[in-house]
Amino acid sequence: MTTSAIHEYIEAVKNGKLQPKEYIEDLLSKLKEQNSKSNIFSNFANMIETSSEGDLQGIPFTVKDNICVRKSLTRAGSKILDGYRPPFDATVVSRMRAAGAIFIGSTNMDEFGFGTFSTNCAFGAPKNPFDSERSCGGSSGGAAAATTVMRHHVALAESTGGSISCPASFCGVVGFTPTYGRVSRYGLIDYANSLDKIGLMSRSVEDIAHVLPIISGKDPKDFTSLAQPELDISDREIKSIAIPEELVDSIPDAKILAMFNESIKKLEELGIESVKVSMPILRFSIPAYYILACAEASTNLAKFCGMRYGKPAREYNRMFNEFFTEVRTENFGTEAKRRIMLGTFARMAGYRDQYYMKALRVRRKIIERFEEVFEEYDLIATPTMPLLPPRFEEIQKMSPATVYALDFLTVPPNLAGIPQISMPMGYIENLPVGIHFLADHWEESKLISVGKIWETQVEHRFPENLGWAL
Amino acid sequence: MIGLEIHVQLPTKSKLFCTCPNKTSDDPNSIVCPICLGMPGSKPATNRRALELACIAAKTLHCRPLEKTWFSRKTYFYPDLAKDFQITQFEAPIAINGYLDVDGKRVGISRVHVEEDPARAVHDMAPHQEYSLIDYNRSGVPLIEIVTKPDMNSPAQARDFLRMLLSELRYVGVVVEGEDLKVRADANISIEGGERVEIKNITGLRNLERALEFEERRQLKLEKAHMSVKRETRSFDEEKGVTIASREKEEEQEYGYIFEPDLPVYNLSSIVDKMAKPVTASEKAQEIAKKFNLPESDVRSLILDSKPLGELLEDIAQNVDPSRALRWISSVVKAEHYKHSEVSFSLIKSEIERVIAADSAGKLSDVVVKEAIKRIFETGEAGELTEIEEAEGELEKMISNILETEPNLLEEIRRQPKAINSIVGKIIKQSKGRYDSKKIFEAVQKEVEKRL
């Protein structure tokens, strides 16, 4: 069982047992020392400003590298944004600061979120705290690893197609992805605007419940946040869970599947009924997702051309198109280039109807199917990832299509924009395995409720009890 | 056949997707923010007023609003485009299928949509400079694009259409004064049996006509020489007055439109349906002309020139002779109004009415009316109005006196008949407005002729 680190911390600060400034400065020096090996952080805060007000008094928080932090290096894992210091804070960052939380650094990620293992990061892949030969997952890999190694900490992460759940699962922490439109995206460096969701990672569900209301809510700077009903995180009774058989039956790892079946049995013992459901439409999730995400990404990445910010070209005396080409050729990584080409292709005249428009219709159908299931059941559950955190050498051998296919469990809810929580389900070969709960749009409270129940069933492992600490 | 794509800036307080003021500045890049600069992480937030103005324009042009409307991204790489895509409208514009009648000719309107203006690229900062500069002050200013059907048959007709369109839009408040010079248009022109040529980015009414005239001549010449007109995009060189083939590729531009995912779908049709159809200048002119039995074309040209003058006419014509009201408002009042644009009609309306009423009663000479109106604009009051007072033989006597004291005047008139006006001027002064200028002129003419 885990206790809320935030409550513990705030109590200690209140009782004068802990000085946030000293604590954080000490923490930072350890993190910096460790970073040359772990590569969790892409940048550390320049200055620590403590505040004695707000619900998150002195709590350190990290920010995924694609969320803007004023005057602080923000590069979205890309060389093309090298040297970029945004002139403003993202709405989530200013809300965290207003609540008294303290920004300590930006965490490494796949370039612009393009990846499942954080290996597509221009500044090196972060290493899994459970085994430094293995991936943290992605694309919010640094955020997950930071959450594993720090006890009193909350990570702002972001998911487009599973980028919170996957690394949370691989790093043995809680990853929470709210409903699309719940948390303002103002200040998020866009991957695919119709799919991007800023969420949280922490060690306990209690912490998520504490911080989620702070970062949620309407923001006039992000019109897609304006349609949301008010966030309610009060306890809900969870009666039933649906298990999509097409998804679960496709998991090749027998040990993960067995652990999942055990977990469902435990939930049944706790009075939560589980039913297998058929959702055949979900098999179109991966192609629909990659078409939409890449189509949007290819327009979002157009602005990076070395003209207004980020890394400039070495020479200026040329036509603008040659100049743009040089900057983009030199500074985008292979995966970014692949997705720009894929996305541009999918929206060009002659292909647009066949790919982009069709993918939009598929997404609509997938949302409808999810809604039907949630009319009957409170939640859906699957394992979070179909494999254990792979070794970096294994990843090198995977083709892009193989990697894309590994997202088949996390992509469907992300495509539908429904909220998700990934939590430790157990450990295989000393590596964490995650369970994924999904709820209907705006039903975050059901995820918090099931999370609190599930948390009592698994003993979480962290560096402290693994025998190594920060 | 000529069809136009017209871009006009909307007079909103702030830009289309951010809170930067919508104004011009000589200080480049001084009216910018992360949104109109397209900084990473910034998002557009739509200015509702721009959508409303577009709806008013659509209504004025008798267009049908679409049930649902949304924005799209039009992607192309160009340094003046902050995000390297433009937020515009593609599948679902604000409204479609309207028309505008110009001198009995109906020009079809295909669509009206809203989009953001790109920044301004400055290519000629200094001679032989090897780079261009970009001024983002204009980036994100709201525009409406109006696309016509190819219904115009001559460059003059295209010019008249555009002038009328701008006047009508100005009348309903969608366009401000001065757009005649600033309006940007792309024109498609083809002669019978020939391919269509697009002339891009023509600025101002005058240049539109010049560009089309040149292009028409060029195409006719080609035809005469049995050469075919190539389908292509050309640009207009304002200095030389010629169109030049652009270096762009000939095939249709590929913009890869996607839906703008940061903005919602708008349902404006309910707003537009509820919106009272704006009374257009033409309709207003018709109404006033009918009510006061005035020539419609005169009333319309007054209204199109200035909405406040039209309102003044409608107001005053109720209490005075309407034709006199039209005559004075279209002439002296209009000229003084442009000279003293700061003077509000609400303050001086009653004085103007007093003068025109006295004139309507036949009591005033035109000389007095003119002077009185000028005084109103300068001091707010017309002052005392000298009434017509004629005495038999008085004018003739005054004229004789002048001709006797200045005998050289007759010599001058022999050489240059126009010199007669100097005598008219002297008499107007001497008679202190008691005589109409026409009467004075006739008397002078008569007296001079006797002596020549």
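Note on naming: letters A, B, ... go to the chains in the order of the sequence lines (proteins, then strands), and numbering restarts at 1 for each one.
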Next item on the list: Before giving the answer on side-chain contact (heavy atoms from CB on, under 4.5 Å), spell out for B:D80 and A:F320 the whole-Å C-alpha distance, their side-chain angles and the decisive distance to 0.1 Å.
Entry: CA-CA 11 Å; B:D80 67 4; A:F320 73 85; over 6 Å; no

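The CE atom of A:M348 sits 11.5 Å away from the OH atom of B:Y255 when rounded to the nearest 0.5 Å. Between B:I258 atom CD1 and A:T344 atom OG1 the span is 10.0 Å, to the nearest 0.5 Å. Distance check: B:M39 CE to A:C68 SG gives 8.5 Å after rounding to the nearest 0.5 Å. Remark: B:D262 CG to A:E296 CD distance equals 8.5 Å, nearest 0.5 Å. Distance OH/B:Y257 to OG1/A:T299: 13.5 Å, rounded to 0.5 Å. Once rounded to the nearest 0.5 Å, the distance linking NZ of A:K221 with OG1 of B:T19 reads 8.5 Å.
Annotation: A:Y351, atom OH; neighbour count of heavy atoms from other residues, nucleotides and ligands within 6.0 Å does not exceed 12. Crowding of A:K337 atom NZ: a count of heavy atoms from other residues, nucleotides or ligands under 6.0 Å exceeding 12. For A:K358, the NZ atom counts as loosely surrounded, since its 6.0 Å shell holds 12 or fewer non-hydrogen atoms of other residues, nucleotides or ligands. More than 12 heavy-atom neighbours from other residues, nucleotides or ligands sit within 6.0 angstrom of CZ on A:R338. A:R308 CZ: more than 12 foreign heavy atoms inside a 6.0 Å radius. More than 12 heavy atoms of other residues, nucleotides or ligands lie within 6.0 Å of CZ in A:R318, so this atom counts as buried by the packing criterion.
For a heavy-atom cut-off of 4.5 Å, chain A lies close to B:I134, B:Y136 in residues 134-144 of chain B. Of residues 82-89 of chain B, those residues with a non-hydrogen atom less than 4.5 Å from any non-hydrogen atom of chain A are, in numerical order, B:A82, B:K83, B:D84, B:F85.
When A:D196, A:L81, A:I189 are compared by the number of non-hydrogen pairs under 4.5 Å with chain B, A:I189 comes out ahead. Note on B:P79, B:A45, B:G38: by heavy-atom pairs under 4.5 Å with chain A, the leading option is B:P79. Here B:S42 is the residue among B:P44, B:P264, B:S42, B:P34 with the most heavy-atom pairs under 4.5 Å with chain A.
Heavy-atom distances place both the backbone and the side chain of A:N300 under 4.5 Å from chain B. With a 4.5 angstrom heavy-atom cutoff, A:Y84 touches chain B only via side-chain atoms. Neither the backbone nor the side chain of B:S132 has a heavy atom closer than 4.5 Å to any heavy atom of chain A. For A:L195, no part sits under 4.5 Å from any heavy atom of chain B, backbone or side chain. At a 4.5 Å heavy-atom cutoff, the contact between A:P87 and chain B is made by side-chain atoms alone. Only the side chain of A:L360 comes within contact range of chain B, judged by heavy atoms closer than 4.5 Å.
Here the shortest heavy-atom pairing between B:L263 and A:F223 reads CD2-CD2, 4.0 Å. Heavy atoms only, all atoms of each residue included: B:T75 and A:A302 are closest at CG2-CB, 4.5 Å. A:F88 approaches B:P40 most closely through the heavy-atom pair CZ-O, 3.7 Å. Considering every non-hydrogen atom in both B:K43 and A:L188, the closest pair reads NZ-O, 3.3 Å. A:N193 and B:P261 make their closest contact through CB-CG, 3.5 Å (heavy atoms, listed as atom of the first residue, atom of the second, distance).
Judged by distance alone, with hydrogens and angles left aside, the side-chain atoms of B:E254 form a donor-acceptor pair with the main-chain N or O of A:A349 at under 3.5 Å.
Under the 4.5 Å side-chain criterion, counting only non-hydrogen atoms from C-beta, B:L37 is not in contact with A:Y309. Counting heavy atoms from C-beta outward, A:R328 and B:F77 have side chains that approach closer than 4.5 Å. With a 4.5 Å cut-off on side-chain heavy atoms, A:F324 and B:Y78 do not count as touching.
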